[in-house]
Amino acid sequence: MKSHPLFIACAAAALLSVTTPAQQPTSTTAFTGARVIDGTDRAPIDNATILVRGGRVVAVGPAASVTIPAGAARVPLAGKTVIPGLVNAHGHVGNTVGMEQGHYSAANVTRDLKTYAAYGITTVFSLGDDQAAGIAARDGQRTPTLDHARLFVAGPVLAPKSPADAVKLVDEDAAMKVDIVKIRVDDNLGTTPKMAPEIYKAVIDEAHKKGLRVAVHLFYLDDAKAVLDAGADFIAHSVRDSPVDEAFIAMLKRRNVCYCPTLMREVSTFVYESTPSWFTDPFFLKHADMAAVDALKQPARQQAMANSKSAQRYKAGLEVANRNLKKLSDAGVTIAMGTDTGPPARFQGYFELMELEMMVKAGLTPKQVLASATRDAAKCMKLDAELGTLESNKWADFVVLDADPLADISNVRKISAVYVAGNRVP
Ligand SMILES: [Zn+2]
């Protein structure tokens, strides 16, 4: 919604008429003076005012058109650039300690949501391994006091053994109230059996009957086409075996299916053949799991990765993925920024910022990449009614940067502050 002067006047009047203690006019906060990239197609707004109340945006617009109510708290942001909080359409939470998985707990879920938020990722869609604690975190986050990343969940990654089993597992997912169903259709470079078409068809049909969408992990173009044919709703990784073609593009566009590149997932499969440059970046080290960092520096582990055939194949796959991303973006397919962070050696938060840089290196403009990581990711995950842009009535999730990321995408690293529901992330 545009910040129409009449709307602002009405909003301000409404604020002043409220008398309950929890909603005094002083509970409005005005963020003033920044350049605001609101995530819509609107041009950046210089010297903008963002009004926030009850965790949500009340108004965004040029200072001259937004009336700050008397008694509002003020946060001066002159010289800064504000972007919507970043949305990771493919992460994982709560499960990893050091280089080990299988440590799912409420405490680890919260830990991960804090880490994501510290890097400006204010929403993460977890595509698998989610348990009750993740559901509880999701159900508890619709509050104006939230100060870590928002979470949406897929539940367990389903691996049914038969169509009947598929129906049963999807029904369990539905009973658990997941936000999406997740499956893998992949043979892990020829090393494991791939889910049979009659099984993933049963998953997709049952999910749709239950009103759930299905996200698919895949690697091969032929599988991508086959799952789209079967009704899949979200492509959770890049196609990495061969160049995408017109038929695939047409299939994605016909049903508006989004494509999630997860380029950093590929990087993580081979980069630790030596010590990556970012292991000395204080911005990385500030929130990194040092047990994982230390393990990944061990020469024996690095040597094993250097000698790993699969690492070398995924390294080649990344080049295919980069070209496919550019081709799909040019063709008008909606790209949802996602990384597949959360498993060991895939560092949450920092990797999302690297993903944005990689997307630019693949040929997208900073504007396209920012859209992919905000509005488009939110749309792709059906979160756009409340997230993804800075507009009236949406949650006040945003990142304050010291420089404009449209000029240089690496400026997303220059984080001055992160806000979730208008609360500064500690
Ligand atoms: Zn994943």
Side-chain angles (χ1 to χ4, degrees), residues 31 34-39 44 77-91 112-124 147-149 261-268 271-272 275-290 292-293 296 322 325 335-342 345-377 388 390 397-420 424-426:
F31 297 85
R35 167 176 291 182
V36 171
I37 298 164
D38 70 5
L77 297 177
K80 308 290 186 190
T81 300
V82 170
I83 60 171
L86 301 175
V87 178
N88 177 12
H90 184 167
D112 291 351
L113 296 176
K114 287 180 175 179
T115 303
Y116 276 121
Y119 290 97
I121 293 74
T122 57
T123 296
V124 56
D147 66 356
H148 58 56
T262 67
L263 303 174
M264 285 305 293
R265 182 257 170 221
E266 249 39 54
V267 170
S268 77
V271 76
Y272 304 110
T275 301
S277 58
W278 65 81
F279 271 20
T280 53
D281 180 355
F283 184 51
F284 168 75
L285 293 170
K286 202 169 174 187
H287 302 282
D289 181 328
M290 290 313 291
V293 171
L296 292 164
N322 283 329
L325 169 57
I335 309 297
M337 190 281 287
T339 54
D340 205 7
T341 50
R346 299 191 206 152
F347 295 92
Q348 294 155 327
Y350 193 86
F351 267 29
E352 279 68 30
L353 303 183
M354 287 183 74
E355 181 87 18
L356 302 190
E357 293 170 334
M358 294 201 56
M359 292 169 82
V360 168
K361 279 195 198 120
L364 276 62
T365 66
K367 190 176 175 199
Q368 289 174 319
V369 170
L370 263 192
S372 161
T374 56
R375 176 191 61 189
D376 292 349
L390 291 171
D397 298 355
F398 55 89
V399 186
V400 181
L401 300 170
D402 289 330
D404 186 343
L406 294 179
D408 177 351
I409 197 66
S410 294
N411 288 336
V412 292
R413 294 167 178 259
K414 296 181 179 163
I415 295 176
S416 169
V418 179
Y419 289 85
V420 172
R424 188 164 183 167
V425 170

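Using bins of under 30°, 30° to 60° and over 60° for the plane-to-plane angle, the ring pair F398/Y419 lands in the parallel bin.
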Apply side-chain contact (heavy atoms from CB on, under 4.5 Å) to the pair F279 and L296, showing each step before the final yes or no. CA-CA 10 Å; F279 271 20; L296 292 164; 3.9 Å; yes
Residues V418, R424; criterion side-chain contact (heavy atoms from CB on, under 4.5 Å); working and verdict: CA-CA 6 Å; V418 179; R424 188 164 183 167; over 6 Å; no
One pair to check against side-chain contact (heavy atoms from CB on, under 4.5 Å): V271 and W278. What are the steps and the verdict? CA-CA 11 Å; V271 76; W278 65 81; 3.9 Å; yes
Does E357 form a side-chain contact (heavy atoms from CB on, under 4.5 Å) with M354? I'd like the steps, not just the answer. CA-CA 5 Å; E357 293 170 334; M354 287 183 74; 4.2 Å; yes
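Residues R413 and Y350 have side chains that bring a donor and an acceptor to within less than 3.5 angstrom of each other. Under the 3.5 Å distance criterion, with hydrogens and angles disregarded, a donor-acceptor pair is assigned to the side chains of T339 and N88. For the residue pair Q348 / T341, no side-chain donor-acceptor distance below 3.5 Å is found, with atom types taken as modelled.
For the pairing with V399, the side-chain contact (heavy atoms from CB on, under 4.5 Å) check across I37, I415, V425 returns one residue only, I415.
Looking at N411, its side chain does come within 3.5 Å of a backbone N or O of D404 through a donor-acceptor pair.
Looking at heavy atoms from C-beta onward, D402 lies in side-chain contact with K80 at the 4.5 angstrom threshold. Inter-residue side-chain proximity for L86 and T374 is flagged as met; some heavy-atom pair is nearer than 4.5 Å. Looking at N322 and K361, their side chains never come closer than 4.5 Å, going by heavy atoms from C-beta outward.
Residues forming a side chain to side chain contact (heavy atoms under 4.5 Å, CB included) with S372 (at least two apart in sequence, or on another chain): I335, M337, M359.
Interatomic distance, M264 CE to F347 CZ, rounded to the nearest 0.5 Å: 10.0 Å. Rounded to the nearest 0.5 angstrom, I121 CD1 and E352 CD are separated by 4.5 Å. Remark: R35 CZ to L401 CG distance equals 12.0 Å, nearest 0.5 Å.
The two residues A377 and A89 make their nearest non-hydrogen contact at CB-CB, 4.4 Å. Of all heavy-atom pairs between L325 and P261, the closest is CD1-CG, 3.8 Å. A pairwise comparison of heavy atoms in P405 and L370 identifies CG-CD1, 3.9 Å as the closest pair. Of all heavy-atom pairs between T122 and G85, the closest is OG1-CA, 3.1 Å. Listed here is the closest heavy atom pair of V360 and V369: CG2-CG2, 3.7 Å. In terms of heavy atoms, F351 sits closest to S268 at CE2-CB, 4.2 Å.
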Tabulate below the donor-acceptor pairs under 3.5 Å that side-chain atoms of residues 283-290 make, not counting sequence neighbours, or state none.
unit_1: D289; atom_1: OD1; unit_2: A291; atom_2: N; d: 3.0
unit_1: D289; atom_1: OD1; unit_2: A292; atom_2: N; d: 3.4
unit_1: D289; atom_1: OD2; unit_2: G98; atom_2: N; d: 2.7

